[in-house]
Amino acid sequence: LREYCEVEVNPREEPPSKSELISRLKDKHALLCLLTDKIDAEVMDAAPDLRVISTYSVGYDHIDIEESTKRGIYVTNTPGVLTDAVADFTWALILTIARRIAEADGYVRGGRWKIAWSPTLFLGYSVYGRTLGIIGLGRIGIAVAERARGFNMRIIYYDVQRPPLDVERRLNAEYKPLEELLRESDFITLHVPLTRETYHLIGERELRLMKKTAFLINTSRGSVVDTRALAKALKDGWIAGAALDVFEREPIEEDNPLLKLPNVVLTPHIASATVEARSKMAEIAALNIISVLKGEKPQYLVNLNVLNVKPLEKVKMI
Ligand code: GLV
């Protein structure tokens with residue numbers, strides 16, 4: 001970016017406060033933000049020169065897309081390059097929760113391993129040959145399904161948009177209405193974006209439909225699941241367990257009931273955190289900005305309609 005622009009970088013690891021963001025953006029043409037930066041109408045109003053908001057993430061629920069399009073601001077993201085990292089991580093969570101790996105690690109480190117071997121020590125659930133329910137069969141959902149082949153799983157999925165038939169055939173994935181998927185799956189994994197429609201998609205009703213032996217995996221956005229209902233489900237045994245990388249509040253609040261439950265695995269929003277994925281995300285986030293400032297269509301434009309609101313034009317660069 002420094003080859004093309006004057007760059008001001010947030011010097012701290014914490015996200016800037018809203019007022020700081022507003023004061024810093026006053027004279028900027030571009031913003032490279034993280035998913036922790038809430039970019040709403042108020043922030044955009046304070047940045048009259050802003051041409052592009054490039055988020056270093058695939059998700060863009062932290063940006064008000066409608067408001068940015070209205071103002072002719074291009075919004076870009078970094079899809080594709082983190083698909084494999086997130087799908088791998090989803091599988092790590094599936095295996096960790098089913099085979100109680102995190103619990104067992106704590107047991108060994110905590111000095112509680114006193115009997116060498118026992119037939120029932122840390123009995124878990126089999127993954128091989130079970131039914132995997134995928135909610136959201138987009139890029140990441142598909143990559144998760146591809147990895148299920150080695151586990152000989154039956155794959156069912158739910159999505160508001162059906163993929164082309166050849167995708168279903170290739171993955172051997174069968175479409176199911178949401179309720180049926182909830183009733184039939186042994187592992188349910190969420191790969192939907194957070195939108196008005198997917199907010200609390202999994203709540204009390206849905207959790208009660210799941211098998212008592214089923215697990216819920218979430219690497220999408222915390223607010224897709226109603227945390228309170230999930231904590232109740234885990235405590236009262238409506239489901240067997242959950243593995244979560246994302247939360248309604250991040251960092252997780254100290255009194256979140258999930259922290260006290262044994263049948264849940266919690267990680268701090270790191271599903272895409274590989275050197276490879278994060279480096280590529282950084283490169284794409286920068287290239288998206290450079291394209292817009294050069295007056296060229298960026299590779300990953302979220303709000304395609306913006307092209308009609310404010311046509312691309314070159315901005316003077318260094
Ligand atoms: C991470 O959650 C992302 O959206 O990239």
Side-chain angles (χ1 to χ4, degrees), residues 1 9-10 12-16 31-39 52-63 65 75-97 101-102 132 134-148 157 159 187-195 198 201-202 215-225 227 242-252 258 264-289 298-302:
L1 278 170
V9 181
N10 173 23
R12 286 169 291 111
E13 207 161 328
E14 307 91 74
L31 168 66
L32 197 158
C33 67
L34 307 183
L35 55 86
T36 40
D37 301 313
K38 191 164 170 47
I39 313 299
V52 50
I53 299 168
S54 164
T55 184
Y56 175 86
S57 61
V58 62
Y60 47 82
D61 48 280
H62 52 297
I63 303 170
I65 300 298
V75 178
T76 64
N77 67 342
T78 64
V81 292
L82 45 57
T83 300
D84 289 320
V86 177
D88 287 353
F89 195 84
T90 302
W91 268 95
L93 289 182
I94 292 173
L95 293 167
T96 301
I97 189 66
I101 292 171
L132 176 65
I134 300 176
I135 299 183
L137 197 69
R139 280 178 299 258
I140 297 172
I142 287 174
V144 168
E146 284 165 349
R147 284 155 175 76
Y157 78 94
D159 201 317
F187 296 89
I188 293 179
T189 182
L190 304 173
H191 301 288
V192 292
L194 175 62
T195 62
T198 62
L201 180 69
I202 305 297
F215 294 94
L216 181 70
I217 319 296
N218 191 7
T219 55
S220 62
R221 282 293 181 267
S223 299
V224 173
V225 179
T227 308
L244 312 168
D245 186 48
V246 286
F247 302 89
E248 293 207 69
R249 263 187 48 198
E250 296 177 1
I252 195 166
L258 295 172
V264 58
V265 168
L266 310 167
T267 53
H269 204 149
I270 55 168
S272 71
T274 64
V275 174
E276 294 84 353
R278 291 284 168 87
S279 310
K280 286 185 186 139
M281 286 163 69
E283 197 177 316
I284 290 175
L287 287 173
N288 281 336
I289 287 185
Q299 198 178 355
Y300 299 106
L301 183 57
V302 170

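By the salt bridge (charged side-chain N to carboxylate O under 4.0 Å, His left out) test, R147 is found to be paired with D84, D88, residues two or more places apart in sequence or in another chain being considered. Residues forming a ring pair (Phe, Tyr, Trp, His ring centres under 6.0 Å) with F215 (at least two apart in sequence, or on another chain): Y125, F187. When the salt bridge (charged side-chain N to carboxylate O under 4.0 Å, His left out) test is applied to E14, the partners found at least two apart in sequence or on another chain are R12.
Across all non-hydrogen atoms, the minimal contact from H62 to S57 is CE1-OG, 3.6 Å. Nearest heavy atom pair, residue Q299 against residue N288, reads N-OD1, 3.7 Å. Closest non-hydrogen pair, T96 versus A102, comes out as CG2-N, 3.8 Å. The two atoms that bring G138 and D159 nearest to each other are N-OD2, 4.1 Å, heavy atoms only. Counting all heavy atoms, side chain and backbone alike, V246 lies closest to S220 at CG1-O, 3.5 Å. When all heavy atoms of V144 and W91 are compared, the pair lying nearest together is O-NE1, 3.1 Å.
With contacts defined as side-chain heavy-atom distances shorter than 4.5 Å, the pair L244/V264 qualifies. Here the side chains of D61 and P193 are not in contact, with every heavy-atom distance at 4.5 Å or above. Counting only heavy atoms from C-beta outward, the side chains of I270 and F89 approach each other to under 4.5 Å. Proximity of P298 to V52: side-chain heavy atoms (C-beta onward) are nowhere separated by under 4.5 Å. Side-chain contact between L132 and I94: present, with at least one pair of heavy atoms (C-beta onward) separated by less than 4.5 Å. The shortest side-chain heavy-atom distance between T219 and H191 falls under the 4.5 Å cut-off.
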Checking side-chain contact (heavy atoms from CB on, under 4.5 Å) for the pair H269/L35: CA distance, chi angles, key distance, verdict? CA-CA 11 Å; H269 204 149; L35 55 86; 3.9 Å; yes
Given the rule in the side-chain contact (heavy atoms from CB on, under 4.5 Å) test, do Y56 and L32 qualify, once you have shown the distances and angles that lead to the verdict? CA-CA 7 Å; Y56 175 86; L32 197 158; 4.0 Å; yes
Checking side-chain contact (heavy atoms from CB on, under 4.5 Å) for the pair I63/I65: CA distance, chi angles, key distance, verdict? CA-CA 6 Å; I63 303 170; I65 300 298; 4.1 Å; yes
Given side-chain contact (heavy atoms from CB on, under 4.5 Å), test L82 with I140 step by step and report yes or no. CA-CA 9 Å; L82 45 57; I140 297 172; 4.3 Å; yes
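Taken to the nearest 0.5 Å, the CD1 atom of I289 stands 10.0 Å off from the CD1 atom of I53. Between the CD1 atom in I97 and the CG atom in L95 there is a gap of 11.0 Å [rounded to 0.5 Å]. In this structure, OG1 in T78 is found 12.0 Å from OH in Y60, a value given to the nearest 0.5 Å. Once rounded to the nearest 0.5 Å, the distance linking CE of M281 with CG of N77 reads 9.5 Å. The CG atom of D245 sits 12.0 Å away from the CG atom of L190 when rounded to the nearest 0.5 Å. Here CD1 of I202 is found 9.0 Å from CG of N218. Values are rounded to the nearest 0.5 Å.
Formation of a donor-acceptor pair under 3.5 Å by the T274 side chain with backbone atoms of A277 is found in this model. Within the 3.5 Å criterion, the main-chain N or O of V224 finds no donor-acceptor partner in the side chain of T198. Between the side chain of N10 and the backbone N or O of P15, no donor-acceptor pair lies under 3.5 Å. Under a 3.5 Å cut-off, the side chain of S272 and the backbone N or O of A85 do not form any donor-acceptor pair.
Put simply, the residue from L216, I134, I135 that forms a side-chain contact (heavy atoms from CB on, under 4.5 Å) with T189 is I134.
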